[in-house]
2 protein chains.
Amino acid sequence: MKVTNIQSLKNILSDKGYKLTKARENTFSALLSPEPQSMATLIAKSQDKVDRVTMYRNIDLFEKLGIVNRIYVGWKYKLELSDNFMDHHHHLSCLSCGKVIDIEDEQHINEFIKSVTDKFSFTPRHHQFEIDGFCNVCSKSKKS
Amino acid sequence: MKVTNIQSLKNILSDKGYKLTKARENTFSALLSPEPQSMATLIAKSQDKVDRVTMYRNIDLFEKLGIVNRIYVGWKYKLELSDNFMDHHHHLSCLSCGKVIDIEDEQHINEFIKSVTDKFSFTPRHHQFEIDGFCNVCSKSKKS
DNA sequence: CATCTAAATGCAACAAAGTTGCAATTACAA
DNA sequence: TTGTAATTGCAACTTTGTTGCATTTAGATG
């Protein structure tokens, strides 16, 4: 089931016996963003609306329900609405200047995931694919 | 340069003006393991030999020098000696029972990395590729 | 091999991130 | 409208990571 608005959020929750609360609506709103966000950002965006502890608990719940994904960009994890709702991207991250380049070859990655999960009868729900290194500019100027 | 023993560790360090200290030797020893380890594990293994703070500082340094990689398995990061030294594996992690399956199709992944980094003249140093979902056993018994 | 010094360490104190127990509140089924 | 299990917010706590500083040490130099 796709999470595209508050009603479908409610459906997912009540389907498993969870309630749609004000805190969960606000948690969901905070997640609406084109970029993955840190826990600290989500908490800051929702201050006065959602308690810190409740935010942690609801993000955990959303993750269990497949509503959000935790991805690792650089050093820390960030949160984004799941693949059903938002496009999931992969990146090349430059260790020197921090530039992030989008890999756009989704199809190739998806085929590969299918081949490897089929082999083990594994049902994939989320994946990460991130490459660190040096961008074209920094490769040239790299002191070694 | 490959890190295969204390001497080559020393070479890498002194090459950049860093010293090979007892703490760094012990940090390196703690890293020798077939599995990636958490910071907490490394600290515990080295207690009485390396201070917690020093461990953090040296792991940071080793990462800058390309001696260790930080990878994300499940929820938390773990540390492992770099690709030069240890084989780097990729996994299918079951969200239900926690089972971890090794993906062995390194060649395919490496080709894909080459094709995508070539496209952007990007010099890769490390990558992560992890898939979460449900293993064959848990897929069947999954309550939905 | 003795000396010198920048680099590295350990300690204490702190800051940030995440967790737990519990009493008060709320969604929603009947 | 009411009853109640689920959820929340709060306070207190644990774990994880960071900073400043006085002391120690690796290793370069004579």
Side-chain angles (χ1 to χ4, degrees), chain A residues 6-31 36-65 67-79, chain B residues 5-31 36-65 67-79 143:
Chain A
I6 297 294
Q7 184 54 48
S8 63
L9 175 63
K10 172 156 186 175
N11 291 341
I12 294 181
L13 288 168
S14 58
D15 198 46
K16 299 280 167 67
Y18 297 104
K19 295 175 178 173
L20 176 62
T21 61
K22 278 267 172 277
R24 285 175 186 160
E25 282 189 37
N26 285 318
T27 300
F28 180 76
S29 303
L31 285 163
Q37 301 171 92
S38 67
M39 204 64 202
T41 302
L42 293 173
I43 290 168
K45 279 171 89 171
S46 312
Q47 60 163 192
D48 305 332
K49 283 182 261 166
V50 185
D51 185 80
R52 226 168 60 84
V53 174
T54 302
M55 181 64 82
Y56 277 106
R57 291 196 271 229
N58 283 337
I59 290 291
D60 280 0
L61 176 65
F62 282 11
E63 201 179 20
K64 272 190 211 122
L65 296 176
I67 296 168
V68 307
N69 291 319
R70 194 175 289 245
I71 63 164
Y72 294 90
V73 180
W75 282 58
K76 312 240 168 173
Y77 74 81
K78 301 204 167 180
L79 300 149
Chain B
N5 54 44
I6 296 294
Q7 184 54 48
S8 64
L9 174 63
K10 172 158 187 174
N11 290 341
I12 293 181
L13 288 168
S14 58
D15 198 47
K16 299 280 167 64
Y18 298 105
K19 296 174 179 174
L20 175 63
T21 61
K22 279 266 172 277
R24 285 175 187 162
E25 282 188 36
N26 285 318
T27 299
F28 179 77
S29 302
L31 284 164
Q37 302 170 90
S38 69
M39 204 62 201
T41 302
L42 293 174
I43 289 168
K45 278 171 90 171
S46 312
Q47 61 163 191
D48 304 334
K49 283 183 260 166
V50 186
D51 186 80
R52 226 169 59 87
V53 174
T54 301
M55 181 63 82
Y56 277 105
R57 291 196 270 229
N58 283 337
I59 289 292
D60 280 359
L61 176 64
F62 282 11
E63 200 179 21
K64 270 190 212 124
L65 295 177
I67 297 169
V68 307
N69 290 319
R70 193 175 290 243
I71 63 165
Y72 295 90
V73 180
W75 282 58
K76 312 240 168 176
Y77 73 82
K78 301 204 168 182
L79 300 149
K143 328 150 199 43

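Chain naming here is simple, since letters A, B, ... match the order of the sequence lines and numbering starts at 1 in each.
Computed from coordinates, the Lys76(B) NZ to dT19(C) P distance equals 6 Å when rounded to whole Å. Atom CG in Asn26(B) sits about 10 Å away from atom P in dT9(C), given to the nearest Å. Remark: P of dT16(D) and CG of Leu42(B) are 12 Å apart, rounded to the nearest angstrom. Going from atom CD of Glu25(B) over to atom P of dT25(D) covers 14 Å, rounded to whole Å. For the pair Lys10(B) NZ and dA7(C) P, the computed distance is 16 Å after rounding to whole Å. Straight-line distance from the CD1 atom of Ile59(B) to the P atom of dT9(C): 12 Å, rounded to whole Å. As a whole-Å value, the separation of Gln47(A) CD from dC10(D) P is 13 Å. Note: CD1 (Ile43(B)) to C1' (dT15(D)) measures 10 Å, nearest angstrom.
Annotation: side chain of Val50(A) is not in contact with side chain of Glu25(A) (no heavy-atom distance under 4.5 Å). No side-chain heavy atom of Lys16(B) sits less than 4.5 Å from a side-chain heavy atom of Lys64(B). In this structure the side chain of Leu13(B) reaches within 4.5 angstrom of the side chain of Leu61(B), judged on heavy atoms.
For Thr21(B), no side-chain nitrogen or oxygen approaches OP1 or OP2 of dA26(D) to under 4.0 Å. Taking 4.0 angstrom as the limit, Tyr77(A) places a side-chain polar atom (N or O) nearer than this to OP1 or OP2 of dG18(C). Within the 4.0 Å cut-off from OP1 or OP2 of dT9(C), at least one side-chain nitrogen or oxygen of Arg24(B) is found.
Toward the 5′ end of DNA chain D lies the nearest nucleotide of Ala23(A), the other residue of the pair Ala23(A) and Asp60(B) mapping further downstream. Both Leu61(A) and Ser14(B) lie close to DNA chain D; mapped to their nearest nucleotides by heavy-atom distance, the more 5′-ward contact belongs to Leu61(A). Summary of the strand contacts: Val53(B) and Tyr18(B) both lie near DNA chain C, and taking for each the nucleotide with the nearest heavy atom, the more 5' one is attributed to Tyr18(B).
Under the 3.5 Å distance criterion, the side-chain polar atoms of Asp15(A) are left unmatched by any main-chain donor or acceptor of Asn11(A). Listed for the Arg24(B) side chain is a donor-acceptor partner under 3.5 Å among the backbone atoms of Lys19(B).
Shortest non-hydrogen contact noted between Met55(A) and Ser46(A) is CE-OG, 3.3 Å.
For Met39(B), the listed nucleotide lying nearest its side chain is dG17(D); candidates were dT25(D), dT8(D), dG17(D). Side-chain proximity of Lys19(B) to dA5(D), dT9(C), dA8(C): nearest is dA8(C). Nearest to the side chain of Thr54(A), among dC11(C), dT8(D), dA17(C), sits dT8(D).
Arg52(A) comes within contact range of at least one nucleobase, with a heavy-atom separation under 4.0 Å. The residue Arg57(B) sits close to a base: some heavy atom pair falls under 4.0 Å.
Between the two ends of the helix from dC1(C)-dG30(D) to dA30(C)-dT1(D), each summarised by a five-pair axis, the helix axis turns through 40° (rounded to 10 degrees).
Within 6.0 Å of OH in Tyr18(B) there are 12 or fewer heavy atoms belonging to other residues, nucleotides or ligands.
When each of Thr27(B), Asn69(B), Ile12(B), Leu79(B) is tested with Phe62(B) by the rule side-chain contact (heavy atoms from CB on, under 4.5 Å), just one qualifies, namely Thr27(B).
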